[in-house]
Amino acid sequence: MIDFLTQQENIQQYIETNYPKVLEETGLENVGAYINDFLDFDKYTKNTQLFYDFGNYDFSSLSNESNTEEIDLRIYLTFKGASSRDLNKKMMRYTAGFYEMFERSGCNFDGLADFGTIESVSFFQATEGNTNVKLAELRIRLQTER
């Protein structure tokens, strides 16, 4: 039986333990909040936040004895509370830090998946029509054979 909840909690724990270490190495503070909920800028008000979005799970049969599970994980980093120019710099540095953390993990959160890749990174210079709220989206694909 697949335990989706434990799997998600393990990934979150890995990120919340290791991402701050990479940020500290580059002189950045930890994010203000790690949130496993939908993007809601009214409810969640910290200047720097990380949102988890465990989207789709896809399954394929490899043989009678094994299957692959693919997780589409999206990480949203949000930034506000400074000038647009400063927020843009911050967004780029924090996103690079996340990328570095993922690469150091072997692209699989130290074995929580068999294989992973950051498929894309998107930068949004204005969120909710406000240039003083920036957002970076990292789309991660994790694959595990079961």
Side-chain angles (χ1 to χ4, degrees), residues 1-60 67-146:
M1 179 170 80
I2 296 175
D3 186 348
F4 294 108
L5 180 60
T6 299
Q7 186 178 44
Q8 290 181 11
E9 288 173 343
N10 288 342
I11 292 169
Q12 289 173 258
Q13 183 62 44
Y14 181 87
I15 292 168
E16 291 170 27
T17 300
N18 292 284
Y19 186 41
K21 294 174 187 175
V22 174
L23 294 176
E24 184 179 349
E25 288 174 14
T26 58
L28 298 171
E29 294 179 11
N30 193 10
V31 298
Y34 292 88
I35 303 158
N36 188 11
D37 200 357
F38 63 94
L39 289 168
D40 185 339
F41 294 103
D42 294 325
K43 183 176 179 181
Y44 302 107
T45 60
K46 301 285 186 185
N47 286 339
T48 306
Q49 302 174 119
L50 183 148
F51 288 85
Y52 301 98
D53 181 3
F54 290 92
N56 298 323
Y57 284 77
D58 297 315
F59 303 93
S60 299
N67 297 302
T68 59
E69 168 194 86
E70 291 187 9
I71 303 170
D72 179 24
L73 169 62
R74 294 182 191 213
I75 299 292
Y76 299 101
L77 296 166
T78 64
F79 307 92
K80 60 184 177 179
S83 71
S84 181
R85 180 183 173 123
D86 289 343
L87 289 173
N88 188 58
K89 289 179 185 177
K90 191 174 182 180
M91 178 173 61
M92 298 299 169
R93 292 182 69 203
Y94 275 78
T95 304
F98 191 94
Y99 192 93
E100 176 66 20
M101 180 218 47
F102 187 73
E103 288 286 314
R104 287 182 189 180
S105 80
C107 297
N108 61 10
F109 298 122
D110 277 347
L112 293 176
D114 292 337
F115 175 77
T117 186
I118 294 179
E119 291 185 334
S120 65
V121 177
S122 300
F123 298 106
F124 299 89
Q125 297 298 324
T127 305
E128 295 185 334
N130 185 344
T131 59
N132 290 319
V133 179
K134 309 285 187 200
L135 182 140
E137 175 191 38
L138 294 102
R139 186 172 176 193
I140 302 168
R141 193 80 172 160
L142 300 171
Q143 188 175 54
T144 301
E145 185 176 336
R146 300 206 181 271

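Under a cut-off of 6.0 angstrom, the local environment of CZ in F41 is crowded, with over 12 non-hydrogen atoms contributed by other residues, nucleotides or ligands.
L142 has its side chain within reach of I11: a pair of non-hydrogen atoms, C-beta onward, lies under 4.5 Å apart. Using a 4.5 Å cut-off on side-chain heavy atoms (C-beta onward), T144 and I71 make no contact. Annotation: side chain of T78 is not in contact with side chain of T127 (no heavy-atom distance under 4.5 Å). At least one side-chain heavy atom of N36 sits under 4.5 Å from a side-chain heavy atom of Q8.
E29 has no carboxylate O lying under 4.0 Å from a charged side-chain N of K46, or vice versa, which leaves the two without a salt bridge. Here K21 does not pair with E25 in a salt bridge; the nearest charged N to carboxylate O distance is not below 4.0 Å.
Note that the CG atom of D72 and the CG atom of D53 stand 7.5 Å from one another [nearest 0.5 Å]. Note that OG1 of T117 is 11.5 Å distant from CG of N108, once rounded to the nearest 0.5 Å. The CG atom of L138 lies 5.5 Å from the OG1 atom of T95; values are rounded to the nearest 0.5 Å. The CG atom of L50 sits 9.5 Å away from the CD atom of Q12 when rounded to the nearest 0.5 Å. Here CE of M91 is found 12.0 Å from OG1 of T48. Values are rounded to the nearest 0.5 Å. The structure places SG of C107 at 13.0 Å from CD of Q143, a figure rounded to the nearest 0.5 Å.
A donor-acceptor contact shorter than 3.5 Å links the side chain of D114 to the backbone of E145. Remark: the backbone N or O of Q125 is paired with a side-chain donor or acceptor of K134 at under 3.5 angstrom. Put simply, the side chain of S105 gets close to the backbone of F102: a donor and an acceptor are under 3.5 Å apart. Under a 3.5 Å cut-off, the side chain of T131 and the backbone N or O of S84 do not form any donor-acceptor pair. At least one donor-acceptor pair closer than 3.5 Å links the side chain of R93 to the backbone N or O of T26.
Screening residues 5-35 for ring-ring contact (aromatic ring centres under 6.0 Å, His included), with sequence neighbours left out, gives Y14-F109, Y19-F98.
Minimum interatomic distance between N30 and L23 (heavy atoms only, all atoms of both residues): CA-CD1, 4.0 Å. Closest non-hydrogen pair, N132 versus L87, comes out as O-CD1, 3.1 Å. In this structure, I15 and P20 approach most closely via the heavy-atom pair O-CD, 3.5 Å.
Checking F124, Y94, F123 one by one against F79, the ring pair (Phe, Tyr, Trp, His ring centres under 6.0 Å) holds for a single residue, Y94. Of the residues listed (R141, E137, R74, R139), the one engaging S120 in a side chain to side chain contact (heavy atoms under 4.5 Å, CB included) is R139, and it is the only one. Of the residues I35, L39, D40, the one that meets the side chain to side chain contact (heavy atoms under 4.5 Å, CB included) test with D37 is I35.
With ring centers used as reference points, F4 lies 6.0 Å or more from F54.
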Item to check | Check against side chain to side chain contact (heavy atoms under 4.5 Å, CB included), K80 and T45 | outcome: CA-CA 9 Å; K80 60 184 177 179; T45 60; 4.2 Å; yes
